[in-house]
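Lettering follows sequence order; numbering is per chain, from 1. Excluded from the calculations below are hydrogen atoms, water molecules and symmetry mates; all remaining heavy atoms, backbone and side chain alike, are included. Given the structure is predicted, the values throughout are model-derived calculations rather than measurements.
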There are 2 protein chains.
Amino acid sequence: MRAEFVNPFLASLLNVLKTMASMDLAPQKPRLKRDHVARGDVSGLIGMIGPTTKGSMSITFDESLALEIMQRMLGERPNGINEEVTDMVGEITNMVTGGAKRMLADQGHDFDMATPAVVSGRGHTITHKCDGTIIIMPFVSEHGQAFIEICFDS
Amino acid sequence: MRAEFVNPFLASLLNVLKTMASMDLAPQKPRLKRDHVARGDVSGLIGMIGPTTKGSMSITFDESLALEIMQRMLGERPNGINEEVTDMVGEITNMVTGGAKRMLADQGHDFDMATPAVVSGRGHTITHKCDGTIIIMPFVSEHGQAFIEICFDS
């Protein structure tokens with residue numbers, strides 16, 4: 001895992017939620033996954049492949065935060081996690097990864113993105129299985145927590 | 001989604017579980033995802049990128065089936081889904097995708113695999129977000145159910 005991969009993902013999530021949902025998340029200090037387990041209710045997952053590395057990324061939201069983002073982006077608030085919410089989480093996953101991809105390309109790290117998948121289930125956890133260190137980036141807001149996790153083969 | 005992508009993944013899972021765990025799963029008829037929701041307790045997910053398409057694949061297991069595979073592969077049966085089980089599910093995900101990749105390469109469909117991620121959480125569901133049809137392949141056994149889901153951009 002390369003430390004310089006952390007900030008592009010962190011900055012990209014803040015930017016996407018600010019732009020799309022007028023929402024400010026407060027980023028906490030990134031940590032190594034072994035010290036911390038991220039639980040959430042809905043997650044977007046995506047695979048990435050470059051000429052020199054490959055990896056995976058997830059963004060996990062509390063249900064309350066996902067529903068608030070839904071309301072701010074689309075003006076409607078479903079009672080729970082439905083197909084519109086998973087579509088939104090898939091789109092956010094694409095946008096955050098695409099933003100990080102552009103920043104990392106400027107630094108000479110190129111990768112292609114697979115298509116995302118969205119996990120729905122109360123209190124689930126995700127474990128990225130790659131050779132490198134897993135980095136977890138927590139975010140807090142008055143509506144709930146979010147976590148980005150990234151892992152790249154070293 | 002291309003119909004010729006179905007059988008390589010189906011055959012590869014049967015082969016991996018037969019070889020690694022002496023386990024025979026009974027494949028059911030593949031279906032379109034819109035008719036069916038796959039719930040499970042532990043899933044491996046992986047992204048795939050080729051020159052002409054990209055997509056994602058998941059394998060979802062009931063906890064009881066995952067623990068039985070664990071016992072047969074490694075001779076130990078944990079009380080629940082722990083790190084050894086998620087490691088095993090990540091490895092199965094890599095092996096099944098690698099097997100399908102070799103079969104599809106023989107048919108002229110090349111793709112690279114990202115690294116897998118494993119989801120743990122009782123009764124979770126996965127929604128693949130790609131442009132093509134989602135195909136679900138159910139498998140049954142006396143120890144529980146498994147599902148493969150694949151989706152490729154068309």
Side-chain angles (χ1 to χ4, degrees), chain A residues 1 33-34 37-51 53-60 81-94 97 111-132 134 149-154, chain B residues 1 33-34 37-51 53-60 81-94 97 111-132 134 149-154:
Chain A
M1 182 58 218
K33 175 68 181 262
R34 65 168 185 266
V37 171
R39 274 178 202 283
D41 306 315
V42 59
S43 296
L45 268 147
I46 196 162
M48 295 164 285
I49 303 173
T53 189
K54 54 188 180 167
S56 56
M57 189 277 286
S58 59
I59 311 177
T60 296
I81 293 166
N82 61 12
E83 190 181 343
E84 283 72 39
V85 177
T86 65
D87 276 351
M88 179 195 75
V89 171
E91 267 311 300
I92 290 174
T93 305
N94 266 331
T97 312
F111 62 82
D112 286 326
M113 297 156 52
T115 51
V118 178
V119 178
S120 176
R122 195 165 292 277
H124 67 260
T125 61
I126 293 171
T127 314
H128 295 265
K129 300 290 183 186
C130 70
D131 293 340
I134 304 169
E149 296 185 43
I150 54 175
C151 188
F152 286 89
D153 275 356
S154 41
Chain B
M1 181 58 220
K33 174 68 180 258
R34 65 168 185 266
V37 172
R39 276 179 200 282
D41 307 315
V42 59
S43 296
L45 270 146
I46 196 162
M48 294 163 285
I49 303 173
T53 188
K54 55 187 180 168
S56 56
M57 189 278 287
S58 58
I59 311 178
T60 297
I81 293 167
N82 61 13
E83 190 180 342
E84 283 71 39
V85 177
T86 66
D87 276 351
M88 179 194 74
V89 171
E91 267 311 300
I92 290 173
T93 305
N94 266 331
T97 312
F111 61 82
D112 286 326
M113 298 155 51
T115 51
V118 177
V119 178
S120 176
R122 195 165 292 277
H124 67 260
T125 61
I126 293 172
T127 314
H128 295 266
K129 300 291 182 185
C130 70
D131 293 341
I134 303 170
E149 297 185 44
I150 54 174
C151 189
F152 286 88
D153 275 357
S154 42

Problem set entry | Non-neighbouring partners of B:Ser58 that pass side chain to side chain donor-acceptor pair (under 3.5 Å), sequence neighbours left out | B:His128

Exercise. What part of B:Ile46 lies closer than 4.5 angstrom to a heavy atom of chain A: side chain, backbone, both or neither?
Worked result: neither

For this session: Below 4.5 Å from any heavy atom of chain A, which atoms of B:Asn94 appear? Answer side chain, backbone, both or neither.
Result: neither

Donor-acceptor pairs are to be reported for all side-chain atoms of residues 111-121 of chain A against protein atoms at under 3.5 Å, with residues two or more places apart or in another chain.
none

Exercise. Do you know which two heavy atoms are closest between A:Glu83 and B:Lys129, and how far apart they sit?
Worked result: O-NZ, 4.1 Å

Below 4.5 Å, heavy-atom pairs only: which of [options] has the largest tally toward chain A?
options: B:Cys130, B:Gly55, B:Gly47; result: B:Gly55
options: B:Ile126, B:Leu45, B:Ile49; result: B:Ile49
options: B:Gly90, B:Ser56, B:Gly123; result: B:Ser56

